[in-house]
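One structure is given here, and the rest of the page talks about it.
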Amino acid sequence: MVDAPVALVTGAASGIGRACADHLHDQGYLLVEVDRVEPAPGSARGVVVVGDIGDENTARRAAEQAAALGDVRVLMNVAGVAGPVGSVEDLAIEDVETILSVNVTGTVLMMKHALPHMGAGASVVNMSSAIGLVGGPSQAVYSASKHAVVGLTRSVALDVAGRGVRVNCLCPGVVDTRMSAEAGDGDELRAAWAAAHPLGRFAQPEEIAAVAAWLCTDAASFITGAAIPVDGGYVAR
């Protein structure tokens, strides 16, 4: 073991997860980065675990890798999938199962296996969505999965508060990532999505990561069980 705090980040190969890993690395954390794909050459900042967090073996392996490095202070559950957009009547059950496996089961499994290695002062940040607080047209299952993340966050926060571990979640609006690009091609649709946010634009991954990293600092030491919109005013409309 080395004398540096350890952070475990899922979805770390790209997007918000990559930005979170970069922030934590800059703050001096040793990293365990988890994703279904290998990070781009030269982008990984620590130990890489390749696997699906909806598979308990991946979650267990990642937590063990983190504990082997030292004091596990941070878990950021960023990995997520959006799935197809459309009526719930038209969804294939395979798509429903994939969304719930990654967004809900994966979040549960990562907390299940990481929390035993986390003591007083440690922090968990889960990634929900603005439509984890309100409805999302044509996104019923994705919205339901992100509502579930809010409920998980609040409940687990109560379970571990007595030992000084904090659990919060962020609820971003649309973020300029590969996942949002794949969900909606075309300038007209992107303009409509931007206009749905009172600030009139998408977030950048670094803006979400900055808030996530702040939640793990002493400045946020009295915040737990919170679902915090970082959404350009989307929920406030």
Side-chain angles (χ1 to χ4, degrees), residues 1-80 102-103 105-127 149 152-153 156-157 159-170 205-206 208-221 223-224:
M1 291 189 182
V2 295
D3 188 19
V6 178
L8 181 52
V9 182
T10 73
S14 62
I16 298 171
R18 176 77 264 139
C20 287
D22 288 343
H23 265 267
L24 292 168
H25 177 267
D26 290 346
Q27 292 175 359
Y29 284 85
L30 298 175
L31 293 177
V32 174
E33 303 181 3
V34 188
D35 207 294
R36 291 186 296 179
V37 299
E38 293 275 4
S43 68
R45 301 296 190 95
V47 175
V48 174
V49 175
V50 178
D52 182 349
I53 61 168
D55 178 347
E56 189 159 14
N57 289 328
T58 299
R60 181 186 296 110
R61 188 158 46 98
E64 289 173 350
Q65 290 271 18
L69 285 177
D71 184 16
V72 184
R73 306 298 291 169
V74 170
L75 167 63
M76 287 193 180
N77 277 314
V78 186
V102 177
N103 295 358
T105 303
T107 302
V108 171
L109 290 175
M110 289 304 305
M111 289 193 288
K112 173 185 176 180
H113 289 285
L115 280 168
H117 303 292
M118 302 174 77
S123 182
V124 176
V125 179
N126 296 323
M127 202 61 59
V149 171
L152 282 168
T153 296
V156 176
D159 291 339
V160 300
R163 65 184 207 237
V165 178
R166 298 183 298 108
V167 185
N168 294 290
C169 70
L170 296 185
E206 293 76 16
I208 310 303
V211 181
W214 175 79
L215 277 173
C216 301
T217 68
D218 289 342
S221 60
I223 302 175
T224 197

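Nothing here was measured: the structure is a model prediction, and the numbers come from that model.
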Please lay out, stage by stage, how Met76 and Leu8 fare under the test side-chain contact (heavy atoms from CB on, under 4.5 Å).
-> CA-CA 6 Å; Met76 287 193 180; Leu8 181 52; over 6 Å; no
Does one side chain, of Asn126 or Thr153, offer a donor that lies under 3.5 Å from an acceptor on the other?
->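 Short answer, yes.
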Test item: [X] and [Y] side chains (from C-beta on) under 4.5 Å apart, heavy atoms:
X: Met127; Y: Ile16; answer: yes
X: Val6; Y: Tyr29; answer: no
X: Ile223; Y: Leu215; answer: yes
X: Gln27; Y: Cys216; answer: no
X: Val125; Y: Asn77; answer: no

Of the non-hydrogen atoms in [X] and [Y], which two are nearest, and what is the gap between them?
X: Ala209; Y: Cys20; answer: CB-N, 3.5 Å
X: Ala7; Y: Leu24; answer: CB-CD1, 3.7 Å
X: Glu33; Y: Ala21; answer: OE2-CB, 4.0 Å

Side-chain donor-acceptor contacts of residues 34-51 below 3.5 Å, not counting sequence neighbours, with atom names and distances?
unit_1, atom_1, unit_2, atom_2, d
Asp35, OD1, Val37, N, 3.3
Asp35, OD2, Ala12, N, 3.3
Asp35, OD2, Ala13, N, 3.0
Ser43, OG, Ala40, N, 3.2
Ser43, OG, Ala40, O, 2.7
Arg45, NH1, His25, ND1, 2.4

Within 6.0 angstrom of Asp26 CG, more than 12 heavy atoms from elsewhere |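 Correct, the count exceeds 12.
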How long is the span from the CZ atom in Arg60 to the CG atom in Asp55, to the nearest 0.5 Å?
->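 Answer rounded to 0.5 Å: 9.0 Å.
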What is the distance from atom NE2 of His117 to atom CG of Leu69, rounded to the nearest 0.5 Å?
->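 Spacing of NE2 (His117) from CG (Leu69) equals 11.5 Å.
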Is Thr58 reaching over with its side chain to a backbone N or O of Asp52, donor-acceptor style, under 3.5 angstrom?
->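 Answer holds: yes.
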Output yes when a side-chain donor or acceptor of Thr10 lies under 3.5 Å from a complementary backbone atom of Ala79, and no otherwise.
->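 Checking the backbone N and O of Ala79 against the side chain of Thr10, a donor-acceptor pair under 3.5 Å is found.
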Show every donor-acceptor pair shorter than 3.5 Å between a side-chain atom in residues 106-115 and any protein atom, with sequence neighbours excluded, or say none if there are none.
unit_1, atom_1, unit_2, atom_2, d
Thr107, OG1, Asn103, O, 2.8
Lys112, NZ, Glu56, OE2, 2.6
His113, NE2, Glu56, OE2, 2.8

Apply side-chain contact (heavy atoms from CB on, under 4.5 Å) to the pair Val124 and Asn168, showing each step before the final yes or no.
-> CA-CA 6 Å; Val124 176; Asn168 294 290; over 6 Å; no
